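Report on one structure; see the data block that follows.
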2 protein chains.
Amino acid sequence: MHSDLVASRSAEQKGSRESREPSRESRNGSSPQLDAVSLAIIEQLQEDGRRPYAAIGKAVGLSEAAVRQRVQKLLDQGVMQIVAVTDPLTVGFRRQAMVGVNVEGDVEAVADALSAMSECEYVVMTAGSFDLMVEIVCEDDDHLLDVINKRIRAVPGVRSTESFVYLKLKKQTYMWGTR
Amino acid sequence: MHSDLVASRSAEQKGSRESREPSRESRNGSSPQLDAVSLAIIEQLQEDGRRPYAAIGKAVGLSEAAVRQRVQKLLDQGVMQIVAVTDPLTVGFRRQAMVGVNVEGDVEAVADALSAMSECEYVVMTAGSFDLMVEIVCEDDDHLLDVINKRIRAVPGVRSTESFVYLKLKKQTYMWGTR
DNA sequence: CTTCGATCGTGCGGAATTCGCAGGAGTAGA
DNA sequence: TCTACTCCTGCGAATTCCGCACGATCGAAG
């Protein structure tokens with residue numbers, strides 16, 4: 001996973017002549033630290049995952065090589081991935097659903113078991129009337145039925161499920177930080 | 001919908017002789033009917049969004065130029081986007097939630113209204129005990145509270161909402177087709 | 001049957017990008 | 001001060017991207 005913090009590297013390398021505010025980048029108190037420059041790089045790549053390193057460098061004030069090294073590290077650490085995303089409905093997967101799951105016992109163990117299923121593309125532990133929310137992608141109704149009723153409910157600890165079959169995907173964005 | 005942000009990147013500035021705008025017909029509802037080769041290309045880019053066209057060409061049995069033209073078309077049509085995706089928690093957004101929404105009246109109108117909000121990164125119409133499922137990304141608790149109680153419930157047609165605050169993201173995949 | 005017109009693939013240079021590596025500068029600890 | 005690290009920069013060389021011209025295929029119209 002990406003939880004390795006790697007000894008807080010965010011010391012804000014002051015380049016040569018530019019004086020960027022060193023006091024700005026630590027707004028989040030959580031463990032994995034990203035400085036403002038890495039955030040800006042991610043932002044660029046959220047707009048276009050294939051944007052050249054030199055263009056990113058101009059936007060964030062870094063050389064091409066520096067951007068390339070930072071991107072590589074972000075990928076290696078698992079902080080981000082650069083991938084093609086699609087609307088599954090246009091790619092041949094005709095049934096999608098969000099499934100709310102109630103668990104007795106170890107929630108995380110159930111989450112791990114569900115994560116191991118290839119049809120589950122999104123697994124998150126939640127607070128509220130569900131313990132887990134799972135998004136599943138299937139090829140057709142039979143497949144969907146099989147996954148929900150046979151596979152998910154067969155996982156030890158799953159008490160009950162409630163399904164929300166997707167009718168239409170209205171929005172899908174990956175541009176947090178761009179606001 | 002989501003296609004407009006990506007398509008605008010390089011479509012306009014090339015048009016050498018016949019700059020016609022096919023992006024208009026990319027309204028969803030019409031399946032662009034992807035063949036096996038385009039599917040294979042998408043699959044390659046789901047593994048690595050920056051993979052060179054030549055390498056993809058070798059994998060799918062096409063020339064570099066053909067791959068490039070197909071990828072450009074897929075982007076223009078909004079079938080796929082090539083972007084960086086992250087776990088928002090590591091990028092400074094500390095509160096995420098899935099919100100189930102019940103609607104009276106025009107569900108799609110409500111969906112459009114919610115899609116216009118930048119905090120809503122994922123909006124889908126569903127069958128089941130919710131009419132809409134909305135994933136929202138916020139910076140902190142105050143922001144989350146504001147979005148749910150003030151903004152979402154203020155949308156005309158929203159009858160009720162139920163929130164599921166994210167505790168931990170366990171899985172996030174973009175590799176349908178790779179199985 | 002022939003001819004447009006549109007779509008799709010290939011090949012090819014030139015420009016742009018990526019890649020690897022050798023420094024230099026700042027920082028922390030012994 | 002010296003060493004060990006980290007991070008950035010600069011610079012060739014290899015690779016990749018990009019525009020463009022041309023050929024093949026297919027369906028519809030003449």
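This one's a predicted model, so the numbers in the text were calculated from it and none came from an experiment. Chain letters run A, B, ... following the sequence lines, proteins first, then strands; residues in each count from 1.
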What orientation do B/Phe164 and B/Phe130 show, parallel under 30°, tilted 30 to 60°, or perpendicular over 60°?
perpendicular
Starting at atom OH of A/Tyr53, determine the distance to atom P of D/dC17, rounded to an integer number of angstrom.
11 Å
Regarding the side chain of A/Arg70, the nearest nucleotide among D/dT9, C/dG9, D/dC7 is D/dC7
Using heavy atoms to find the nearest nucleotide of DNA chain C for B/Ser63 and A/Pro52 separately, return the residue whose nucleotide is more 5′.
B/Ser63
Below 4.0 angstrom, N of the basic side chain to O of the carboxylate: do A/Asp140 and A/Arg94 qualify?
no
To the nearest angstrom, the CG-C1' distance between B/Leu75 and D/dC17 comes to 14 Å
Compare the minimum distances between each of C/dG9, D/dC8, D/dC18 and the side chain of A/Leu62, then state the nucleotide with the smallest one.
D/dC8
Calculate the interatomic distance between B/Asp35 atom CG and D/dT25 atom C1'; express it in whole Å.
15 Å
If only atom types and distance count, is the side chain of B/Lys170 paired as donor or acceptor with the main-chain N or O of A/Val123 below 3.5 Å?
no
Taking B/Glu108 first and then A/Lys168, would you say they form a salt bridge - that is, a charged N and a carboxylate O separated by under 4.0 Å?
yes
How long is the line joining CD of A/Gln72 and P of D/dT6, in whole Å?
16 Å
What's the CD1-P distance between B/Ile56 and C/dT10, to the nearest Å?
14 Å
On the nucleotide D/dC7, are OP1 or OP2 found under 4.0 Å from the side-chain N or O atoms that A/Lys73 carries?
yes
Quick one: label A/Arg68 by what it contacts on the DNA or RNA (base, sugar-phosphate, nothing), any heavy atom closer than 4.0 Å.
base
Within this structure, what is the CD-to-C1' distance between B/Gln69 and C/dT10, rounded to whole angstrom?
9 Å
In this structure, how many angstroms lie between the P atom of C/dT18 and the CD1 atom of A/Ile82, rounded?
10 Å
Interatomic distance where CG belongs to A/Leu74 and C1' belongs to D/dC7 [whole Å]
14 Å
For DNA chain D, whose closest nucleotide is more 5', that of A/Arg50 or that of A/Ala66?
A/Ala66
Before accepting this row, confirm whether a basic side-chain N of the pair A/Arg95/A/Asp142 lies closer than 4.0 Å to the acidic partner's carboxylate O.
no
